Amino acid sequence: MSKLANFREIGRKIVCVGRNYSEHAAELNNPVPTKPILFLKPTSSYVAEGSPIKIPKDCTDLNHEVELGIVIGSRASCISVEEASQAIGGYALGLDMTARDWQNEAKKKGHPWSIAKGFDTSCPISAFVEKDKIKNPNELDIWLTVNGEKRQSGNTRDMIFSVEYLISYISQFFTLEPGDLLLTGTPSGVSRVQPGDVLKAGLGDVVSMQFKVEA
Ligand SMILES: O=C([O-])CC(=O)C(=O)O
Ligand SMILES: [Mg+2]
C-alpha cells in the first residue's frame, strides 16, 4: 500500500482554489478570476467518514462545496505545467465546508477567510485514491446529494484552470510536499446544510463517501 494512503497524517497543508468554475463564481456574484485564487485550510480541519461534520457555534449558513482533491506525491517547487503531473501521487474527494455568513462578513471588511474555511471538520475527506485509478483528472464527473436530493453535479472539464496548471502555479509560491492536498474548487449548486442532513458525494465511478451533519 502506498504511504500516501496516510496523507491526512503526513501532509502538512491543504491548499484550496476558489472560483475555479465559472457557474459557481456567478452563483455567488463573484467575477471569474484571471489567475487562481488560493487560500489554506489547516490539516486539523480534516474529518474522515464515520465522524460528523459539526456546524460551528453561531454559524447560520454552513455550505457544502464538493471538490476534486489532488494528493501530492513528490516535492514540487517552481515546476512547469509540463512537469506537474509527475507531482501527483493520487487523489481524494473532499468537501470544502464553508461558513458562508462568516466568509461574506470577512469579504465585506477585507478580512481573511481563515475561520470561515478552516474551522474543525471543515474538510471532510474520502479515502486515498491511487493515481492509476484516474486516467485524466480534468475529465471527471463530480456530484453531491443532500438527503438523497441532487445539489451539485459537475465535471472537472469545466474547471477554469486545469489540475496541471494549478500545481505549477501553486508551486511558484508554496513548495508542495508529499501528502499535501490541493482542493481544486467547487462546481455550482452550493447550498446551506442543517443538523441531521446526510451528505453523499462521488467522483466518477472511483470513490464515494457519506457524512452526517450535526449541530
Ligand atoms: O468560497 C468560495 O466560493 C470559493 C471556493 O472555495 C470555491 O470556489 O470552491
Ligand atoms: Mg471551495
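Indexing begins at 1, ligand by ligand and atom by atom, following the structure's order. What you see is a predicted model, and the numbers here were worked out from it, not measured in a lab.
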Participant: Around atom 8 (O) of ligand 1, find the nearest protein heavy atom and jot down its residue, atom name and distance.
Facilitator: Arg19 N, 2.7 Å
Participant: Does any N or O of ligand 1 fall below 3.5 Å from an N or O anywhere on Gln103, backbone included?
Facilitator: yes
Participant: Is there a donor-acceptor contact under 3.5 Å linking the side chains of Thr60 and Asp101?
Facilitator: yes
Participant: Are Leu40 and Phe174 close enough that some pair of their side-chain heavy atoms sits under 4.5 Å apart?
Facilitator: yes
Participant: Checking side-chain polar atoms at under 3.5 Å, does Asn63 have a donor or acceptor matched by the opposite partner on Arg100?
Facilitator: yes
Participant: Quick one: which ligand 1 atoms are inside 4.0 Å of a heavy atom on Lys117?
Facilitator: 1 (O), 2 (C), 4 (C), 5 (C), 6 (O)
Participant: Check if Gly185 has a non-hydrogen atom at a distance under 4.0 Å from any atom of ligand 1.
Facilitator: yes
Participant: For residues Thr145 and Lys200, is any side-chain donor paired with an opposing acceptor at under 3.5 Å?
Facilitator: no
Participant: Out of Arg192, Lys117, Arg151, which residue meets the salt bridge (Lys or Arg N to Asp or Glu O under 4.0 Å) rule with Glu65?
Facilitator: Lys117
Participant: Please name the atom of Glu65, restricted to N, O or S, that is closest to the Mg ion (ligand 2).
Facilitator: OE1
Participant: Can you find a heavy atom in the side chain of Glu214 that is under 4.5 Å from one in the side chain of Ile55?
Facilitator: no
Participant: Between Thr186 and Gln152, do the side chains contain a donor N or O and an acceptor N or O under 3.5 Å apart?
Facilitator: yes
Participant: At a 4.0 Å threshold, what atoms of ligand 1 neighbour a non-hydrogen atom of His24?
Facilitator: 2 (C), 3 (O), 7 (C), 8 (O)
Participant: In ligand 1, which numbered atoms sit nearer than 4.0 Å to a non-hydrogen atom of Val17?
Facilitator: 7 (C), 9 (O)
Participant: Taking only heavy atoms of Leu28, which atoms of ligand 1 are found under 4.0 Å from at least one of them?
Facilitator: 3 (O)
Participant: Within a distance under 4.0 Å of any heavy atom of Phe39, pick out the atoms of ligand 1 and give their elements.
Facilitator: 6 (O)
Participant: Considering heavy atoms of the protein only, find what lies nearest to atom 4 (C) of ligand 1 and give residue, atom and distance to 0.1 Å.
Facilitator: Gly18 CA, 3.7 Å
Participant: With backbone taken as N, CA, C and O and side chain as the heavy atoms from C-beta onward, which portion of Tyr21 lies under 4.0 Å from ligand 1: side chain, backbone, both, or neither?
Facilitator: neither
Participant: Under 3.5 Å between some N or O of ligand 1 and some N or O of Arg100?
Facilitator: yes
Participant: Could you tell me which N, O or S atom of Glu67 is nearest to the Mg ion (ligand 2)?
Facilitator: OE2
Participant: In terms of atom number and element, which parts of ligand 1 are under 4.0 angstrom from non-hydrogen atoms of Glu67?
Facilitator: 9 (O)
Participant: Just by modelled atom types, is the Gly185 backbone N or O under 3.5 Å from a matching donor or acceptor in the Asp96 side chain?
Facilitator: no
Participant: Which atom name would you report as the N, O or S atom of Asp96 nearest the Mg ion (ligand 2)?
Facilitator: OD2
Participant: Could you report the tightest heavy-atom contact between Thr156 and Asn138, atom names first, then the distance?
Facilitator: OG1-C, 3.2 Å
Participant: Could you identify the single nearest non-hydrogen protein atom to atom 5 (C) of ligand 1 and state the distance to 0.1 Å?
Facilitator: Glu65 OE1, 3.3 Å
Participant: So if I apply the salt bridge (Lys or Arg N to Asp or Glu O under 4.0 Å) rule between Asp180 and each of Arg75, Lys13, Arg8, which one comes out positive?
Facilitator: Lys13
Participant: One residue to check: Thr186. Relative to ligand 1, which of side chain, backbone, both or neither has a non-hydrogen atom less than 4.0 Å away?
Facilitator: both
Participant: For ligand 1, is there an N or O atom under 3.5 Å from any N or O atom of Trp113?
Facilitator: no
Participant: I would like to know whether Ile53 and Lys212 meet side chain to side chain contact (heavy atoms under 4.5 Å, CB included); could you show each step before the answer?
Facilitator: CA-CA 6 Å; Ile53 298 166; Lys212 202 168 167 186; over 6 Å; no
